[in-house]
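The structure appears below as structure tokens.
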Protein chains: 2
Amino acid sequence: MHMRNKATLKNIANQLGISISTVSRALKDHPDIATSTKKKVRELADLMDFEPNAFAVYLRTNQSKVIGVIVPELSNFFYHSFVTSVEEEARKMGYSLIILQSANDPVVEEANLKLCKLNRVAGIFVALTPETKDLSPFDRINASGIPILFFDKVPDDNEYIKVCIADREVGKIAARAIIESKRKKVFALFGNANLSITRKRKQGLVDELKTLSPFIDITTLTVNNSHDAKKVTIDMLKSNQRAEVIFCMSDEILTGVIMAIHQSGFVIPSDVGLLAISNGFVPKLMNPEITYIETSGDQLGRRAMKTFGEVLEKGITKKLDIIESRLIKGGSL
Amino acid sequence: MHMRNKATLKNIANQLGISISTVSRALKDHPDIATSTKKKVRELADLMDFEPNAFAVYLRTNQSKVIGVIVPELSNFFYHSFVTSVEEEARKMGYSLIILQSANDPVVEEANLKLCKLNRVAGIFVALTPETKDLSPFDRINASGIPILFFDKVPDDNEYIKVCIADREVGKIAARAIIESKRKKVFALFGNANLSITRKRKQGLVDELKTLSPFIDITTLTVNNSHDAKKVTIDMLKSNQRAEVIFCMSDEILTGVIMAIHQSGFVIPSDVGLLAISNGFVPKLMNPEITYIETSGDQLGRRAMKTFGEVLEKGITKKLDIIESRLIKGGSL
DNA sequence: TTATAAATTGCAAAGGTTTGCGACAATTTT
DNA sequence: AAAATTGTCGCAAACCTTTGCAATTTATAA
């Protein structure tokens, strides 16, 4: 079965004996076109299963309906759920996603940025790599007219569009939960210190702890990944400095800590308390469930997409959007 | 600073006083072009930071360097790791990914398919929805020249390109592990029965169990999601028909079962044994670690991308690629 | 009835690249 | 010295859509 006619504007025009431009306008309900013409065109277009050639449109308008999303890694609950919900929202607005992972490497991150530019994306969502120092590639992209929206791992500078968790507040919530638990000796694990998200969470936790309960004993530590977290926790647990409560600033750290506690033969919460910042998946899987401060990628994603809508409409170039979170009580404290 | 010239073939040609076609050919090392010319062109192109306009190329060649990936949902470890590794491999081959979720809805699945077609993807990777009965949309896409590669959740029909887990064998491995554990009363939970993956795993498990240990007592049940799995497990546990071992055919089911066991106050493995098909993330998080048969999305992803390479090169239209798996012993049996 | 406005439609260029084919000059072969 | 070959390069069409502007027809006002 040889398809005689591809579904293009030209073919529709030929078959109807009218011009391409009329077809084009009819299809997008342009007021210039007579209702009767519109009807004819639409009917034939439907019949032929016409879909405008996306590339031709992009080429002409120089704007695609694709959003680039760059995350450190997809194998992370938080980004995961972020991407999922962005995808859902984007679809509703007629956008598709190009999802890219920077694998925590600024070089890959820049390559991804380039890829986005190559694909003339309508915009880019970025969660920064911990190692990213130089923001000039982002500035260049911005200058070339592609809006960039930073989420979660955002730059300090306020000259950008940012959507993030109320990180300092999250730290404070954690502090209050710890104080309420009456535990005094805290072992707090944080991710890469370059990230403002890390600094803010730590600051929130430490400040609030010190303010509300001055003589609390807190040890903070920086770890690079789940494996690191496991190691330092095992060491801590077998030392004579065993903490009464362990705080984990992320799911990745949390999984390491859980394995460490299990492996060391300790029991939650009687031997050691546990508190995390998480989206809840892992906490709810444990027995007892782990108390956590919820940071929902879903919510962040939806908000990001909404903000992106505003950016496109109103051409905003700077904005700070903050999402609140709350304590979900399990039995680990 | 106003950018006077965009980096296009035309501009390069103008500045060098040669034609567009010569520039185009020079840049792709066409033998017709003199070495000296190539050198000049390349130098200026580098200087101008020239990148061919992807859309123009696509429009002309009608082929993009983008692969569509359609999964039931991204919030599933397995697909997750699949996507991650496909992305890595794809990048190496110069491809990008459009990732789409069908949310287990055939309607969305078809819409996604359409989106892929719209974007003239070079190929599509699909894990079928459990509800997908009608494969004709896929056939149509295939007929239009876009190769489709099914993975994990694949159609029965052998007229397609398929990359999947050795599902029957996985079931058999599970059976042998159960027999070795000496537990007799089995409660086995499976996902949607429409899926060949489900049927095969179940068949493998049941057949091998019956063959090797004829008088074993096995109850199989179909559940739709994690929540369902939790519910039926709780019911089972509180009945007087409590099983000695629970088998979960997926991570999703496993998480529900774990929560059920916790909530019912039973202990693994003394009260009840547990065995799952999983990628290992959840199993290794538990205490004791859960014994599982490993099905790695990573591996599947890499294999899929490799197969896709062959498909493009050699124009294969049918192939069955099977990945073996193995038992990882934890302490849950 | 004629001039003016409004409603429709078409022309043609533009967007950047690829590619078959022809043009021209330099070189080699008869 | 004429003919054939080889090496370089340019012309122009094609891919499909969008859009400013001109052209045409029809309705309205003077």
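Note on naming: letters A, B, ... go to the chains in the order of the sequence lines (proteins, then strands), and numbering restarts at 1 for each one.
- Side-chain contact between A/K306 and A/R302 is absent, with no heavy atoms from C-beta onward closer than 4.5 Å.
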Protein and nucleotides 12-16 of chain D: nitrogen or oxygen contacts under 3.5 angstrom:
| residue | atom | partner | partner atom | Å |
| --- | --- | --- | --- | --- |
| D/dA14 | N3 | B/R60 | NH1 | 3.2 |
| D/dC16 | OP1 | A/K6 | NZ | 2.8 |

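- The line from CZ of A/R120 to CD1 of A/I146 is 7.5 Å long, rounded to the nearest 0.5 Å.
- With sequence neighbours left out, the salt bridge (Lys or Arg N to Asp or Glu O under 4.0 Å) criterion links B/E73 to no other residue.
- Using modelled atom types, no side-chain atom of A/D298 and backbone atom of A/S85 make a donor-acceptor pair closer than 3.5 Å.
- For the atom pair B/N279 CG and B/Y79 OH, the distance stands at 12.0 Å (nearest 0.5 Å).
- The base of D/dG7 lies outside donor-acceptor range of the side chain of B/R25, with no N or O pair under 3.5 Å.
- Between the side chain of A/T129 and the backbone N or O of A/T132 there is no donor-acceptor pair closer than 3.5 Å.
- When rounded to the nearest whole Å, the span between NZ of B/K28 and C1' of D/dT8 equals 18 Å.
- Checking side-chain atoms of B/S24 against main-chain N and O of B/I20 turns up no donor-acceptor pair under 3.5 Å.
- Shown here are the salt bridge (Lys or Arg N to Asp or Glu O under 4.0 Å) partners of A/R303, two or more places apart in sequence or in another chain: A/D321.
- One finds the OH atom of B/Y58 at 4.5 Å from the CG atom of A/N119 (value rounded to the nearest 0.5 Å).
- Distance, B/L16 CG to D/dC9 P: 11 Å, rounded to whole Å.
- Remark: B/D32, B/I33, B/A34, B/T37 in residues 32-39 of chain B come within less than 4.0 Å of DNA chain D through at least one heavy atom.
- In this structure, B/M48 places its CE atom 13 Å from C1' of C/dG16, rounding to the nearest Å.
- Following rounding to the nearest Å, A/H30 (NE2) and D/dT19 (P) show an atom-to-atom distance of 9 Å.
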Please enumerate all protein N or O atoms sitting under 3.5 Å from an N or O of nucleotides 23-26 of chain C, with distances to 0.1 Å.
none

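- A/D134 meets the salt bridge (Lys or Arg N to Asp or Glu O under 4.0 Å) test with no other residue; sequence neighbours excluded.
- A sub-4.0 Å separation between OP1 or OP2 of C/dT9 and a side-chain N or O of A/T22 is absent.
- Close placement of the B/F150 and B/F138 rings is indicated, their centers lying within 6.0 Å of each other.
- Remark: C1' of D/dT19 and CG of A/L27 are 15 Å apart, rounded to the nearest angstrom.
- To the nearest angstrom, C1' of C/dA7 lies 16 Å from CG of A/D29.
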